[in-house]
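These numbers come from the heavy atoms of this one structure, side chains and all, not from hydrogens, waters or symmetry mates.
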Amino acid sequence: MKKKALIIALSAIAIIVLSFIVYWNLPIEITYHSEIKKGNTIVENIEDYKKNSYKLPENDDWQTLEQLGLEKDQADKPIYQKYDTENYELYYPDQLGGPYLIYISKEKKWSVDFPKN
């Protein structure tokens, strides 16, 4: 009886460990699907603004940033950071100190990394 319980417990632990391994190795497009979807909408809005205004919005221009889909002090929204006249980053902060899900406009892709600026 103890042997059967031990096998069941070890099997459960193995399944849990395997699940974590699979989850951490999934592509970020799957792991962060909803965040990337929201972020891509904001990226499109920023790129449209840049095309129409010939500049990027400033980091502290919350009137414009809110129109583009960003919200001040919202944990589920990315943070916008302009770091020169042509490039910016969007990243989702977390309570753990990173690395973060981040979009770097110069690379035009999402990754899990730390902000460059």
Residues forming a ring pair (Phe, Tyr, Trp, His ring centres under 6.0 Å) with Tyr80, sequence neighbours excluded: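 In terms of ring pair (Phe, Tyr, Trp, His ring centres under 6.0 Å), with neighbours along the sequence ignored, Tyr80 is linked to Tyr88.
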
Set of residues satisfying ring pair (Phe, Tyr, Trp, His ring centres under 6.0 Å) with respect to Tyr49, sequence neighbours excluded: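 Counting only residues at least two positions away or on another chain, Tyr49 forms no ring pair (Phe, Tyr, Trp, His ring centres under 6.0 Å).
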
Applying salt bridge (charged side-chain N to carboxylate O under 4.0 Å, His left out), name anything that partners [X], two or more places apart in sequence or on another chain.
| X | result |
| --- | --- |
| Asp48 | none |
| Glu58 | Lys82 |
| Lys50 | Glu86 |

For the [atom1] atom of [X] and the [atom2] atom of [Y], what is their distance to the nearest 0.5 Å?
| X | Y | atom1 | atom2 | answer |
| --- | --- | --- | --- | --- |
| Leu56 | Leu68 | CG | CG | 10.0 Å |
| Glu89 | Tyr83 | CD | OH | 5.0 Å |
| Asn45 | Leu65 | CG | CG | 11.0 Å |

Side chains of [X] and [Y]: does their closest heavy-atom pair fall under 4.5 Å?
| X | Y | value |
| --- | --- | --- |
| Thr85 | Lys55 | no |
| Ile102 | Leu90 | no |
| Tyr103 | Ser105 | yes |
| Ile36 | Tyr92 | no |

Set of residues satisfying side-chain hydrogen bond (donor to acceptor under 3.5 Å, both in side chains) with respect to Asp84, sequence neighbours excluded: Asn87

Partner residues of Thr41 under the side-chain hydrogen bond (donor to acceptor under 3.5 Å, both in side chains) criterion, sequence neighbours left out: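 Here no residue qualifies.
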
Could you report the tightest heavy-atom contact between [X] and [Y], atom names first, then the distance?
| X | Y | value |
| --- | --- | --- |
| Glu71 | Trp62 | C-CZ3, 3.7 Å |
| Leu70 | Pro78 | CD2-O, 3.1 Å |
| Ile28 | Val112 | CG2-CG2, 3.5 Å |

ILVMFWY cluster, Tyr54 and Ile46 together (side-chain gap under 4.5 Å): no

Partners of [X] by side-chain contact (heavy atoms from CB on, under 4.5 Å), sequence neighbours excluded?
| X | answer |
| --- | --- |
| Glu29 | Pro27 |
| Ile8 | Lys4 |
| Ile79 | Tyr91, Pro93 |
| Ile13 | Val17 |

ILVMFWY cluster membership beyond Ile15 - transitive side-chain contacts under 4.5 angstrom: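 When side chains under 4.5 Å apart are linked, Ile15 ends up in no cluster with other residues.
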
